[in-house]
Amino acid sequence: MITVLNHPLITHKLTQMRCMSTGTKDFRQNLDEIAGLMAYEITRDIKLDPITVETHSGPYNTFELKRDIVLVPIIRAGLGMVEGILDLIPTAKVGHVGVYRDEETLLPHEYFAKFPENLENAEVLVLDPMLATGGSADAAIEIVKNRGAKNIKLVCLVGAPEGVELIKKNHPDVDIFLAALDEKLNDQGYIVPGLGDAGDRIYGTK
C-alpha cells in the first residue's frame, strides 16, 4: 500500500523545502516538522493492548501500545527525520542503517547496521527523505528483514514512481508513506522536481 499524505501543512512546509533559496536551518526545521506531522498518519493502525489503570475516581479500562516502535533512519539524510517523530513518540527506539549509492551504477552498498533487540515484535519505520531509484530503501528494508523485522513501514518525504514501483515489487508487505509523489527521475537518478540533495541541504555540505 502507498499513502500520500495530502495535508495543507505538509504541502506548505514541503514547498519551503523545495525552494533553492531555503537555507540549512529552515530546511532542517521543515523536515523535522513534516516528519512529526506524518507520524500521526503512520501510526494510525498501530495495535493496542487493553490495560486497566487507576485514576482519581477509580480503575479505568483503556489501551496502550502493544509493540515497541523502532525508527531506522538510512544514514545520513534519514537522521533528519528522527527528532520530529521522537517528539511525538519519545519511547521509540532508534536503529541505524548506512547504505551509500554508487554514483555510476546507482546500486546500494551497506556499510553500517545496528539495531535494538526484538525487531521481530516491533513496528519498524524505515526513514529516508527521498525515495528515488529505491535502491537504498530496498537494501535497508532487506537488512531489517534479515534481522527479523516483520512489521515494516517505509517513510519518505518525496518519492519518484520508479522507486515506489521497486519497493512494491520487492517488498509487497511494506507500506509506503510519502508527503509527495513527484514526477520522475532524471538521467542522473535524481527526483524531479525533488528537493535537491537532501543530505547536503540538511547538513550544509556540498
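Below, each value reflects all heavy atoms present in this structure, side chains not excepted, and no hydrogens, waters or symmetry copies. Keep in mind that what you see is a predicted model, and the values were worked out from it rather than measured.
Residue-environment remark: CG (N6) stays at or below the threshold of 12 foreign heavy atoms within 6.0 Å. Around atom CE of M1, more than 12 heavy atoms belonging to other residues, nucleotides or ligands sit under 6.0 Å away. Remark: E117 CD is loosely packed, at most 12 non-hydrogen atoms of other residues, nucleotides or ligands lying under 6.0 Å away.
Nearest heavy-atom pair, A180 versus R18, reported as atom, atom and distance to 0.1 Å: CB-NH2, 3.5 Å. Closest non-hydrogen pair, R201 versus C19, comes out as NH2-O, 2.8 Å. Among all heavy-atom pairs drawn from A35 and I85, the shortest one is O-CG1, 3.6 Å. The heavy-atom pair separating F177 from E41 by the smallest distance is CE2-O, 4.2 Å. Nearest heavy atoms, T24 versus G204: OG1-CA, 3.6 Å. Nearest heavy-atom pair, P73 versus G95, reported as atom, atom and distance to 0.1 Å: CD-O, 2.9 Å.
Residue pairs meeting the salt bridge (charged side-chain N to carboxylate O under 4.0 Å, His left out) criterion with at least one member in residues 82-94, sequence neighbours excluded, are D68-K93.
Annotation: side chain to side chain donor-acceptor pair (under 3.5 Å) contacts of N146 (sequence neighbours excluded): none. For E110, there are no salt bridge (Lys or Arg N to Asp or Glu O under 4.0 Å) partners, not counting sequence neighbours. For the side chain to side chain donor-acceptor pair (under 3.5 Å) test, residues two or more places apart in sequence or in another chain that qualify with K145 are H171, D173. H109 is linked by a ring-ring contact (aromatic ring centres under 6.0 Å, His included) to Y100, counting only residues two or more places apart in sequence or in another chain.
Side-chain contact between T52 and Y60: absent, with no pair of heavy atoms (C-beta onward) separated by less than 4.5 Å. Between T205 and R76 the shortest side-chain heavy-atom distance falls below 4.5 Å. Side-chain contact between M17 and V158: absent, with no pair of heavy atoms (C-beta onward) separated by less than 4.5 Å. Annotation: side chain of M130 is not in contact with side chain of L157 (no heavy-atom distance under 4.5 Å). When side chains are defined from C-beta on, L185 does not count as touching V192, because their heavy atoms never get closer than 4.5 Å. By the 4.5 Å heavy-atom criterion applied to side chains, L14 and N30 are not counted as neighbours. Looking only at side-chain heavy atoms (C-beta outward), P193 and D182 come within less than 4.5 Å of each other. Counting only heavy atoms from C-beta outward, the side chains of M81 and V155 approach each other to under 4.5 Å.
Hydrophobic cluster membership differs between Y190 and L166, with clusters built from Ile, Leu, Val, Met, Phe, Trp and Tyr side chains linked at under 4.5 angstrom. Follow the hydrophobic side-chain contacts under 4.5 Å out from Y40 and you reach I46 in the same cluster. A continuous path of Ile, Leu, Val, Met, Phe, Trp and Tyr side chains, each step under 4.5 Å between heavy atoms, connects I89 with F63, placing both in one hydrophobic cluster.
Here the side chain of D32 pairs a donor or acceptor atom with the backbone of G84 at under 3.5 angstrom. Although no hydrogens or angles enter the test, the distance criterion places a donor-acceptor pair under 3.5 Å between the side chain of R28 and the main chain of I202.
Residue L88 holds its CG atom at 8.5 Å from CD1 of I69, rounded to the nearest 0.5 Å. Within the model, atoms NE2 of H12 and CG of L37 stand 11.5 Å from one another, a figure rounded to the nearest 0.5 Å. Rounded to the nearest 0.5 angstrom, E162 CD and T133 OG1 are separated by 9.0 Å. Interatomic distance, CD of E123 versus CD1 of I42, reported as 11.5 Å (0.5 Å rounding). Between the CZ atom of R44 and the OG1 atom of T3 there is a distance of 10.0 Å, given to the nearest 0.5 Å. Atoms CG and CE, from L127 and M38 in turn, are 9.5 Å apart once rounded to the nearest 0.5 Å.
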Run the side chain to side chain contact (heavy atoms under 4.5 Å, CB included) test on N151 and R67 for me, step by step, so that the C-alpha distance in whole Å, both residues' side-chain angles and the decisive distance to 0.1 Å come before the verdict. CA-CA 10 Å; N151 306 292; R67 299 186 178 119; 3.6 Å; yes

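A salt bridge links K150 with E120: the distance from a Lys NZ or Arg NE/NH1/NH2 to an Asp or Glu carboxylate oxygen falls below 4.0 Å. Between K13 and D26 there is no salt bridge, since no side-chain nitrogen of the basic residue lies less than 4.0 Å from a carboxylate oxygen of the acidic one.
By the 4.5 Å side-chain criterion applied to Ile, Leu, Val, Met, Phe, Trp and Tyr, F115 is assigned to a cluster that also includes I2, V4, V70, V72, I74, V97, V99, L119, V124, V126, L131, I141, I143, V144, I152, L154, V164, I167, V174, I176, L178, L181.
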